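In what follows, a single structure is set out as structure tokens and then discussed.
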Protein chains: 2
Amino acid sequence: MGNGNQRYTIDDVAKLAGVSKATVGRVIGNYGSVSEKTRKKVMEAVSELDYVPNTIAQGLRNHSTKTIAVVLGSIKNNYCNALVYAIEKEAMKRDYNVLICNTHENLDKEIKHLQTIRSRQVDGILLISVYTVGKVIPDKYRYLYDSPDIPMIFVDRNIIGIKKDLIESNNEQASYEATKYLISLGHRNIGVIGTVAYSTVQERLKGYRRALQEAGIPVESSMIVDAEYSENRAGQRLAAKLLDEHPETTALYVLNNTLCGTVLLELKRRGLKTPDDVSLLTWDDDEINELFDITTVVQKVDEIGKKAVNRLFELMENPQSQVYTQKVDAQLVIRKSCSVPKKHAERK
Amino acid sequence: MGNGNQRYTIDDVAKLAGVSKATVGRVIGNYGSVSEKTRKKVMEAVSELDYVPNTIAQGLRNHSTKTIAVVLGSIKNNYCNALVYAIEKEAMKRDYNVLICNTHENLDKEIKHLQTIRSRQVDGILLISVYTVGKVIPDKYRYLYDSPDIPMIFVDRNIIGIKKDLIESNNEQASYEATKYLISLGHRNIGVIGTVAYSTVQERLKGYRRALQEAGIPVESSMIVDAEYSENRAGQRLAAKLLDEHPETTALYVLNNTLCGTVLLELKRRGLKTPDDVSLLTWDDDEINELFDITTVVQKVDEIGKKAVNRLFELMENPQSQVYTQKVDAQLVIRKSCSVPKKHAERK
DNA sequence: TATTAGATTGAGAACGTTCTCAACTGATGC
DNA sequence: GCATCAGTTGAGAACGTTCTCAATCTAATA
């Protein structure tokens with residue numbers, strides 16, 4: 001009686017059932033034709049031994065490991081882990097497992113990971129790349145990004161110059177609408193805080209500019225302040241900078257969720273309340289946002305994850321498939337951190 | 001010139017170098033003896049083709065997949081993703097990759113995952129089990145938990161009745177100290193909110209009781225309220241219950257971080273401020289805790305992750321190794337959410 | 001009864017690696 | 001000149017699966 005303690009092989013099953021391993025293969029693989037009597041014998045042997053095929057051996061033979069890899073900055077990031085959650089859920093439906101690779105937003109680590117997971121023969125890769133706008137991939141490693149032998153899809157972040165499928169939020173449009181919302185409340189001096197190097201943030205900035213221009217408000221570049229990814233409490237420093245250098249600021253528009261927490265800290269330090277003293281609008285939902293009633297552009301992370309996995313499987317089936325970008329609508333969730341600007345209201 | 005587009009095999013390298021694959025194996029595996037001349041030829045062929053061994057084939061041959069699996073409730077949980085972060089970092093140092101399995105705190109999914117990762121021949125398993133105190137593992141699946149063929153370690157949560165290594169915080173002691181701290185401030189009516197079914201929470205409750213008893217304060221069982229894992233906003237409901245049924249409550253002690261956010265929400269709803277109206281002490285650090293200046297028992301997640309991986313590798317090398325439990329100190333980080341109770345202060 | 005189509009079955013190759021074993025090479029000592 | 005030895009090398013088995021191909025069996029037909 002098998003209790004899982006030993007790992008049995010297909011040969012053990014064959015011997016116990018008194019057939020060849022080819023026949024066992026037919027029964028468990030459910031192909032070819034097997035007589036009812038034999039099938040039953042085999043099934044009994046299988047459950048007797050608790051036999052489960054060795055996925056590694058299958059992988060070698062089938063050139064498929066039933067594994068997808070997710071390469072991302074850090075699983076500690078809320079957006080990322082929500083994405084991985086959705087991805088893993090979707091992958092499991094197809095009996096796939098998910099390998100996690102943190103790059104710590106570091107180019108070398110991203111490359112290292114991409115190399116390892118290649119040699120591991122993963123069936124597909126979902127990449128939230130650290131390659132930011134302006135950075136160039138060394139020729140030596142370019143194959144990691146553009147070779148077609150392993151299906152790969154970019155999620156959330158694009159790499160300019162590499163033609164791959166991309167799944168992302170409709171950053172430009174959602175940002176345009178968020179900005180328009182602020183403008184509609186009466187804000188004309190909207191300070192922007194974000195990590196500009198990310199392709200997503202660039203898109204969000206485009207939307208911001210479009211909304212301002214449409215409203216006839218000049219875009220003041222010194223009101224857009226840039227954060228480095230690695231900087232600790234960047235949000236705090238930048239909010240301070242913005243509020244010091246531009247006391248006319250009536251609204252803060254934060255383009256990365258990671259920055260928002262310490263922006264709040266700075267507001268608290270200055271005794272500024274939202275929305276009375278300053279309006280606040282940020283990207284990506286979070287428990288904090290709910291608790292603080294912060295108006296937020298919420299990305300549909302579940303949908304992005306689901307779409308990414310679906311597309312990856314399409315690509316695995318048909319690698320020649322035409323490259324394209326899918327945009328998922330992000331939604332402005334209005335809470336209570338934005339209102340008519342005080343100065344504006346007074347002026348009236 | 002290899003550009004990674006094709007996957008070359010050891011035979012390709014052998015052919016190019018004009019030697020046998022055995023010799024190539026000797027060179028890249030760095031064993032046996034090879035003449036300098038041959039070694040050079042092989043090295044050249046390797047880099048010419050950008051040859052990287054197929055990990056799957058190695059896995060089949062070596063009975064080692066260079067993979068560990070982490071089975072946990074949900075990667076969206078802050079404690080869990082911080083743990084996975086630490087685990088992955090540590091695993092990478094040893095050229096191991098990490099498979100993520102979310103159980104959604106669901107028994108069936110945990111079993112399903114354990115089965116799959118077994119057939120995948122992972123080299124080791126780190127399990128944050130959903131098996132809570134009182135639940136019994138069906139005999140049929142017991143082998144998934146106690147069979148010695150794959151090294152497995154429990155992290156954070158113990159399963160009573162299964163003898164496995166366990167890495168956890170010193171829950172009882174840290175909780176004892178946290179409670180003592182509240183008592184030292186003058187609190188005698190400390191309401192406790194937690195998901196009692198978890199082994200960790202049970203330990204924390206023990207520490208709480210010990211501190212009360214030591215101070216001669218009777219333990220009022222109706223001041224300990226229990227949350228179900230799956231309940232939405234359980235923290236809010238339970239805080240409300242506690243404050244309604246026990247208006248004498250001067251401090252809330254929250255044993256699970258997941259509950260704390262909505263506890264805050266309820267305090268906000270009632271217009272209660274910490275620490276003036278009520279003191280608040282919680283487990284597990286979080287950006288919220290920092291922002292709200294909440295006094296917190298902080299677990300050393302990095303250390304737990306590191307210890308877990310180290311121990312797992314020990315076990316992989318020596319499966320007979322004696323089972324034992326490692327406790328990692330959790331630390332009380334005092335911020336500003338606890339003070340002398342108002343009523344108490346007034347009474348004086 | 002002989003023939004044949006179709007159903008059923010097993011032997012064995014292949015996937016890409018590691019590593020044992022045996023064989024070969026030169027050089028040294030007698 | 002021959003035996004010995006260390007250093008070097010290659011053939012091929014093994015890991016556990018899938019699946020092709022050919023062989024065997026069954027039953028139905030002429």
Side-chain angles (χ1 to χ4, degrees), chain A residues 2 6-43 45-46 49-67 95 116 118-123 149-150, chain B residues 2 6-43 45-46 49-67 95 116 118-123 149-150:
Chain A
Q6 287 88 20
R7 299 258 54 105
Y8 292 103
T9 72
I10 200 170
D11 287 300
D12 299 318
V13 178
K15 201 184 287 173
L16 182 62
V19 298
S20 74
K21 60 180 176 167
T23 299
V24 178
R26 271 184 278 263
V27 173
I28 59 174
N30 212 30
Y31 63 94
S33 83
V34 186
S35 75
E36 229 8 84
K37 216 174 105 195
T38 318
R39 174 179 307 276
K40 212 181 143 207
K41 267 193 304 180
V42 171
M43 297 291 251
V46 165
L49 299 180
D50 258 343
Y51 169 72
V52 181
N54 179 325
T55 314
I56 297 304
Q58 291 181 318
L60 182 59
R61 166 70 214 213
N62 296 340
H63 301 283
S64 158
T65 52
K66 298 257 182 188
T67 309
D95 282 316
T116 338
R118 272 179 150 255
S119 67
R120 285 179 156 270
Q121 322 288 116
V122 299
D123 294 343
D149 56 349
I150 301 186
Chain B
Q6 287 88 20
R7 299 258 55 109
Y8 293 103
T9 72
I10 201 170
D11 287 299
D12 298 317
V13 177
K15 201 185 285 174
L16 182 62
V19 298
S20 74
K21 61 180 177 169
T23 298
V24 177
R26 271 185 277 262
V27 173
I28 59 174
N30 210 28
Y31 63 93
S33 83
V34 187
S35 74
E36 232 5 87
K37 218 174 101 192
T38 319
R39 176 181 305 277
K40 215 182 140 205
K41 269 194 301 181
V42 171
M43 297 290 250
V46 165
L49 299 181
D50 259 343
Y51 169 72
V52 181
N54 179 323
T55 313
I56 298 305
Q58 291 181 318
L60 181 58
R61 166 70 213 212
N62 296 339
H63 299 284
S64 159
T65 52
K66 297 253 181 192
T67 309
D95 282 316
T116 340
R118 272 178 150 254
S119 67
R120 287 179 155 268
Q121 322 287 118
V122 299
D123 295 343
D149 57 349
I150 302 185

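Source: prediction; values computed, not measured. Numbers restart at 1 for each chain; the letters A, B, ... are given by sequence-line order, proteins then strands.
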[X] vs [N]: side-chain N/O to OP1/OP2 distance below 4.0 Å:
X      : N       : result
Q58(B) : dT18(C) : yes
T9(A)  : dG16(D) : no
S33(B) : dG7(D)  : no
Y31(B) : dT20(C) : no
Y51(B) : dT17(C) : yes
T38(B) : dT9(D)  : yes

Between [X] ([atom1]) and [N] ([atom2]), how many Å, whole number?
X      : N       : atom1 : atom2 : result
L49(B) : dG16(C) : CG    : P     : 14 Å
K21(A) : dT18(D) : NZ    : P     : 10 Å
H63(A) : dT17(D) : NE2   : P     : 17 Å

Side chains of R120(A) and T67(B) only: does a donor on one sit below 3.5 Å from an acceptor on the other?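 Yes, side-chain donor-acceptor contact under 3.5 Å.
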
Establish whether the base of dT18(C) is bridged to the side chain of R61(B) by a donor-acceptor pair shorter than 3.5 Å.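 Looking at the base of dT18(C), it does pair with a donor or acceptor on the side chain of R61(B) (distance under 3.5 Å).
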
Listed nucleotide nearest any side-chain atom of [X], set [options]:
X      : options                   : value
D11(B) : dT18(D), dT9(C), dT17(C)  : dT17(C)
S35(A) : dT18(C), dT9(C), dG16(C)  : dT9(C)
S20(B) : dA11(D), dT8(C), dG16(C)  : dA11(D)
A22(A) : dT18(C), dA11(C), dG16(D) : dA11(C)

- Test item: N54(A) side-chain N/O and I56(A) main-chain N/O as donor-acceptor pair under 3.5 Å: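 At least one qualifying donor-acceptor pair exists.
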
